[in-house]
Amino acid sequence: GIQVEQSPPDLILQEGANSTLRCNFSDSVNNLQWFHQNPWGQLINLFYIPSGTKQNGRLSATTVATERYSLLYISSSQTTDSGVYFCAVANSGGSNYKLTFGKGTLLTVNP
Amino acid sequence: ETGVTQTPRHLVMGMTNKKSLKCEQHLGHNAMYWYKQSAKKPLELMFVYNFKEQTENNSVPSRFSPECPNSSHLFLHLHTLQPEDSALYLCASSQVVGQNNEKLFFGSGTQLSVL
């Protein structure tokens, strides 16, 4: 099946800093989503972005499908950004329902 | 309020017990999912229902039994579980139109401990 690798596995920032999280995948995809899991376990959908660039406030994401990677940018980080960020993809030609998740990036933002 | 509600939030059960997890989505979606999140492992898809029909069963042991009575409700019936089944169980929903399956929305999860 498709492989999803996220980097870095852990990231510690001071409040106000910017960061870039990366998601590499091993095959062509027709679905890519970024999620944030807060310290209480709630998973929030940040972006549906199988290709192109999107922005939502301090967050933006870019997927270059032909090169099999996606980037999540967090600007002016806040303590509430702490948690685990997951990338999930669905393989083109595979089941439309089956998202494969990466292991995540654990982000800690210190005040 | 995420639009996907799961109950209970926490559950402790013995290996001989029978319990059920409940999920309800208020988003008008036509697909619902059960995922399992264990410590140190990526989220694993367990079951998918589209228009109440099961479309995916990801080789899940028979001690987990899903039920989808309508497109808004999803249950996961549990019986004779093992301690290694302890995990966070997450329900999700999405809207599928043809080949397009867009954003997945998750509930808050049920933290299950099997003693």
Side-chain angles (χ1 to χ4, degrees), chain A residues 1-7 9-10 21 23-26 28-52 54 56 59 61 63 70 72 83-106, chain B residues 1-6 8-10 23 25 27 29-51 53-60 68 87-112:
Chain A
I2 192 167
Q3 305 298 311
V4 182
E5 290 187 12
Q6 291 187 242
S7 60
D10 300 276
L21 281 58
C23 172
N24 291 333
F25 40 95
S26 61
S28 60
V29 300
N30 58 11
N31 193 329
L32 188 147
Q33 302 186 37
W34 282 97
F35 298 88
H36 173 223
Q37 188 168 36
N38 67 24
W40 298 271
Q42 177 68 57
L43 272 157
I44 303 296
N45 194 305
L46 300 175
F47 294 102
Y48 165 74
I49 186 164
S51 64
K54 289 187 178 179
N56 184 2
L59 303 181
T63 297
S70 183
L72 178 69
V84 184
Y85 289 81
F86 291 102
C87 168
V89 304
N91 197 348
S92 300
S95 167
N96 200 12
Y97 301 95
K98 192 169 182 176
L99 281 179
T100 299
F101 281 74
K103 293 184 177 180
T105 292
L106 175 59
Chain B
E1 172 58 52
T2 66
V4 181
T5 304
Q6 285 187 246
R9 288 298 308 275
H10 298 90
C23 177
Q25 59 99 359
L27 300 169
H29 290 163
N30 57 11
M32 296 187 75
Y33 309 73
W34 281 115
Y35 277 84
K36 177 183 178 183
Q37 187 177 30
S38 305
K40 309 291 185 186
K41 292 173 103 174
L43 272 79
E44 302 170 67
L45 178 64
M46 299 175 72
F47 301 104
V48 182
Y49 279 83
N50 186 7
F51 292 108
E53 299 295 323
Q54 190 179 121
T55 56
E56 296 275 348
N57 176 342
N58 226 24
S59 303
V60 181
C68 188
L88 181 66
Y89 288 85
L90 291 156
C91 175
S93 72
S94 70
Q95 182 65 18
V96 179
V97 180
Q99 293 301 307
N100 292 324
N101 184 5
E102 296 198 355
K103 277 191 166 189
L104 201 62
F105 290 86
F106 281 90
S108 301
T110 295
Q111 186 64 55
L112 174 67

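- Environment of NZ in A/K98: sparse, with no more than 12 heavy atoms of neighbouring residues, nucleotides or ligands closer than 6.0 Å.
- Of the listed residues (B/Q37, B/Q111, B/K41), the greatest number of heavy-atom pairs within a distance under 4.5 Å of chain A belongs to B/Q37.
- Annotation for B/P42 and A/G102: closest pair CB-O, 3.8 Å, computed over non-hydrogen atoms.
- Summarising the geometry of A/F35 relative to B/L104, their closest heavy-atom pair is CE2-O, 3.4 Å, with the distance given to 0.1 Å.
- Heavy-atom distances place the side chain of B/L45, and not its backbone, under 4.5 Å from chain A.
- For B/L112, the side chain to side chain contact (heavy atoms under 4.5 Å, CB included) partners are B/L11, B/M13, B/L78, B/L81, B/Y89, B/V114, not counting sequence neighbours.
- Between the CG atom in A/N31 and the CD atom in B/E102 there is a gap of 8.0 Å [rounded to 0.5 Å].
- With sequence neighbours excluded, the residues that form a side chain to side chain contact (heavy atoms under 4.5 Å, CB included) with B/K103 are A/Q33, A/N45, A/Y48, B/F105.
- A/L46 touches chain B through its backbone: at least one of N, CA, C or O sits under 4.5 Å from a heavy atom, while the side chain does not.
- Rounding to the nearest 0.5 Å places CG of A/L43 at 6.0 Å from CG of B/L43.
- Using a 4.5 Å cut-off between heavy atoms, A/F47 touches chain B through its backbone atoms (N, CA, C, O) alone.
- Using a 4.5 Å cut-off between heavy atoms, B/E44 makes no contact with chain A at all.
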Which is it for B/L88 and A/Q37 under the side-chain contact (heavy atoms from CB on, under 4.5 Å) test, yes or no, and what are the steps along the way?
CA-CA 12 Å; B/L88 181 66; A/Q37 188 168 36; 3.9 Å; yes
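- Across all their heavy atoms, A/Q42 and B/S108 have their closest contact at OE1-OG, 2.7 Å.
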